[in-house]
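As structure tokens, the structure follows; a few thoughts come after it.
Per chain, numbering begins at 1; letters A, B, ... match sequence-line order.
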Number of protein chains: 2
Amino acid sequence: MAQKHDFDSPLIAKLEHGANLTPADRARLREIAGASRKVDPRTTLIRDGEEPRGAYLVLDGIACRCKVLQNGSRQILAYLLPGDTCHLDLKSLREMDHSISTISECTIVDIPRDVIDDLALHHPHIMRALQWSALADESTLREWLVGMGRRNAVNQMAHLFCELLIRLRAIGHALEDSYDLPLTQEELGDALGLSVVHVNRILQALRQERLVSFKGRRLTILDFERLKERAGFNPNYLHLTSPLQAART
Amino acid sequence: MAQKHDFDSPLIAKLEHGANLTPADRARLREIAGASRKVDPRTTLIRDGEEPRGAYLVLDGIACRCKVLQNGSRQILAYLLPGDTCHLDLKSLREMDHSISTISECTIVDIPRDVIDDLALHHPHIMRALQWSALADESTLREWLVGMGRRNAVNQMAHLFCELLIRLRAIGHALEDSYDLPLTQEELGDALGLSVVHVNRILQALRQERLVSFKGRRLTILDFERLKERAGFNPNYLHLTSPLQAART
DNA sequence: CGCGAACTTGATATTTGTCAACTAAGGTGG
DNA sequence: CCACCTTAGTTGACAAATATCAAGTTCGCG
């Protein structure tokens with residue numbers, strides 16, 4: 001049951017980018033990640049309007065925050081990758097303003113309130129890292145808004161692929177310039193605000209430009225430099241540049 | 001120099017929605033709001049990439065978070081209304097991932113780090129309210145993403161006008177169904193991800209449907225029910241439904 | 001092998017952007 | 001108070017981006 005390497009624990013791998021964890025911190029995180037469960041693809045964990053009972057941690061697979069409109073159309077607000085958490089700030093949250101659903105099959109950890117309280121009391125570095133993580137999530141949300149408002153579909157999708165590469169690299173889930181991406185074209189479109197048909201065509205454009213290949217749920221970036229250029233991608237917003245040195249607490 | 005009423009202090013008015021403040025809390029907030037300065041319209045307070053020296057509080061006017069792309073186009077990520085703050089979480093933030101600029105002339109308070117530390121130590125209710133406020137800001141950001149991805153221009157703009165009405169009412173800055181909105185059509189477009197020309201036409205459509213009027217920087221909602229209906233507006237996401245009763249700290 | 005989900009394609013409609021010109025409004029100096 | 005000047009708002013014609021519809025095709029899997 002013990003984890004072999006840190007990259008088996010995407011949460012640890014991720015949080016190391018946000019703060020310097022102690023061995024005790026890591027042990028605690030492994031302990032938390034121990035109580036996981038498998039969740040089927042396309043399953044809603046908590047729905048818009050419900051009261052959260054606890055927080056979630058994704059250990060494996062891809063989940064998402066999303067919102068569904070009256071007319072049935074869905075907007076994905078964030079992809080939750082391994083190591084990502086959501087609404088750890090339940091204290092001030094009475095009612096969800098969006099839903100959390102799995103996309104692929106996922107390994108999920110339910111984090112009850114008292115675990116968070118315990119972390120706050122005994123693991124300040126973890127808390128710092130989690131705050132950093134929440135900050136980066138919000139920044140990512142802003143970058144998505146920029147993409148939808150001011151980038152055309154090709155650049156926006158290129159940008160997303162760049163982002164996912166960097167985020168997955170940070171948890172050791174990307175080999176070179178490729179990574180598993182268990183999304184349908186519809187699920188891509190729901191994030192990008194595009195129709196399925198258009199996603200299909202944009203994808204073809206990116207393939208034809210020899211920028212990416214996307215076959216069998218695997219995305220390979222053929223020319224990262226050119227893709228970044230195309231997307232106007234600047235990874236600053238992910239705040240992944242190494243733990244803060246200013247650890248004066 | 002003393003504030004006459006609470007609604008003279010939009011910060012207090014706002015935070016009362018997020019927690020129950022004590023008289024001492026209110027006194028402290030008035031003290032903080034005392035050291036304000038006027039800032040010219042269209043002035044950048046802090047730029048993308050810079051290191052924040054402190055946080056900001058808007059007391060009057062409209063400011064924004066925004067991001068400017070290589071090609072010069074701008075995306076507004078949030079309107080900062082009176083009572084709104086930004087990056088109070090500086091502890092984990094090394095470098096800004098977006099800019100803060102005024103739109104109209106603004107009254108701004110610079111909040112240095114030590115003031116935040118002091119609030120954290122001595123004013124837990126204020127801290128709780130600020131966390132709630134940050135949560136609502138993030139939720140608003142998500143709602144904007146939904147608007148850009150899944151609403152057409154008319155509905156998206158209608159949605160924005162509904163949102164602004166509710167937010168401004170919460171700080172006593174809306175009379176009935178109208179409020180001052182010192183934005184040009186270009187500044188509206190930068191938030192909605194639309195061109196100026198299109199904003200102009202959408203506005204005409206809304207006027208012709210007798211849903212809103214927008215003359216001389218004043219926006220009047222002529223039929224809020226119909227506008228909400230049109231926009232698919234549900235104010236839940238603003239989390240303004242009254243202070244949390246669960247004040248068990 | 002067959003079935004359903006995902007992907008692809010073409011034709012067409014709709015939405016939105018761009019360009020260029022024009023009009024209206026507010027502010028300032030003479 | 002007016003002349004002027006700049007900024008904001010408006011309009012029409014057109015182009016580009018994206019959505020929609022409908023019909024295939026391919027793929028993975030039981």
Side-chain angles (χ1 to χ4, degrees), chain A residues 40-43 62 69 71-76 102-105 146-160 180-209 212-219 230-231, chain B residues 40-43 62 69 71-75 102-105 146-160 180-209 212-219 230:
Chain A
D40 282 340
R42 294 161 197 226
T43 304
I62 298 192
L69 304 199
N71 66 13
S73 67
R74 175 172 77 155
Q75 178 64 48
I76 291 179
T102 59
I103 291 180
S104 67
E105 186 185 57
V146 172
M148 305 240 305
R150 293 308 188 197
R151 282 192 259 267
N152 64 29
V154 177
N155 297 1
Q156 193 193 353
M157 191 178 294
H159 197 280
L160 176 62
D180 281 322
L181 190 63
L183 301 178
T184 65
Q185 295 184 359
E186 182 161 19
E187 287 153 350
L188 266 175
D190 282 351
L192 299 169
L194 302 173
S195 68
V196 202
V197 174
H198 203 54
V199 167
N200 186 282
R201 288 177 173 138
I202 298 302
L203 229 25
Q204 289 178 48
L206 288 174
R207 279 194 274 249
Q208 194 169 356
E209 287 191 58
V212 308
S213 104
F214 184 32
K215 267 288 169 202
R217 310 281 104 128
R218 184 147 194 106
L219 191 124
R230 191 65 142 69
Chain B
D40 282 341
R42 296 165 197 222
T43 303
I62 297 192
L69 304 199
N71 66 13
S73 67
R74 174 172 79 155
Q75 178 63 48
T102 59
I103 292 180
S104 66
E105 184 185 59
V146 173
M148 308 237 320
R150 294 305 188 200
R151 281 192 260 266
N152 65 29
V154 177
N155 297 1
Q156 193 193 351
M157 191 178 294
H159 198 278
L160 177 61
D180 281 323
L181 190 64
L183 301 177
T184 64
Q185 294 184 359
E186 182 163 17
E187 287 154 351
L188 265 176
D190 282 351
L192 299 169
L194 301 173
S195 68
V196 202
V197 174
H198 203 54
V199 167
N200 185 284
R201 289 179 171 137
I202 299 303
L203 229 24
Q204 289 179 48
L206 289 175
R207 279 194 274 247
Q208 195 171 356
E209 287 191 58
V212 308
S213 104
F214 184 32
K215 266 288 169 202
R217 310 281 105 130
R218 184 150 194 104
L219 191 124
R230 192 65 144 69

Starting at atom CD of Q156(B), determine the distance to atom P of dT18(D), rounded to an integer number of angstrom.
-> 15 Å

Looking for any heavy atom pair under 4.0 Å, which part of the strands does R42(B) touch: base, sugar-phosphate only, or nothing?
-> sugar-phosphate

Is any side-chain heavy atom of H159(B) closer than 4.5 Å to a side-chain heavy atom of N155(B)?
-> no

Value in whole Å for how far the C1' atom of dT10(D) lies from CG of L194(B) = 17 Å

Which part of the nucleic acid, if any, lies within contact of T184(A), taking any heavy atom under 4.0 Å across all strands shown: a base, the sugar-phosphate backbone alone, or nothing?
-> sugar-phosphate

Using a strict 4.0 Å threshold on nitrogen-to-oxygen distance, state whether R74(B) and E186(B) make a salt bridge.
-> no

Please work out if R207(A) contacts a base, only the sugar-phosphate, or nothing of the nucleic acid, heavy-atom cut-off 4.0 Å.
-> sugar-phosphate

Would you mind telling me which residue lines up with the more 5' stretch of DNA chain D, R150(B) or G216(A), judged by nearest nucleotide?
-> R150(B)

In whole angstroms, the gap separating C1' of dT25(D) from CG of N200(A) amounts to 12 Å

In whole Å, what is the span from the CD1 atom of I202(B) to the C1' atom of dG9(D)?
-> 15 Å

Check: R217(A) side chain, dG28(D) base, donor-acceptor under 3.5 Å | no

dT16(C) P sits how many Å from Q204(B) CD, rounded?
-> 15 Å

Beyond-backbone contact of L188(A) with L160(A), side-chain heavy atoms, under 4.5 angstrom = yes

Any donor and acceptor pair, going by atom type alone, linking the side chain of E209(B) with main-chain N or O of L206(B) inside 3.5 Å?
-> no

Among dT8(C), dG12(D), dT20(D), which is the nearest nucleotide to the side chain of Q185(A)?
-> dT8(C)

Using whole Å, report how far CE of M148(B) lies from P of dT16(C).
-> 12 Å

What is the minimum heavy-atom distance between R42(B) and E187(B), and which atoms define it?
-> NH2-OE2, 2.9 Å

Nearest of dT8(C), dT18(D), dG17(C) to any side-chain atom of H198(A)?
-> dT18(D)

V196(B) near the nucleic acid: base, sugar-phosphate alone, or nothing, with a heavy-atom cut-off under 4.0 Å?
-> nothing

Indicate, with a heavy-atom threshold strictly under 4.0 Å, whether G193(A) touches base, sugar-phosphate, or nothing.
-> sugar-phosphate

Could you say whether R201(B) or F214(A) is positioned toward the 5' end of DNA chain C, judged by the nucleotide with the nearest heavy atom to each?
-> F214(A)

Report which part of the nucleic acid L203(B) touches: base, sugar-phosphate, or nothing (heavy-atom distance under 4.0 Å, all strands).
-> nothing

Quickly work out the E105(B) CD to dG26(C) P distance and round it to whole Å.
-> 18 Å

Compare the minimum distances between each of dA19(D), dT18(D), dT10(D) and the side chain of N152(A), then state the nucleotide with the smallest one.
-> dT18(D)

Spacing between N71(A) atom CG and dA19(D) atom C1', to the nearest angstrom | 13 Å

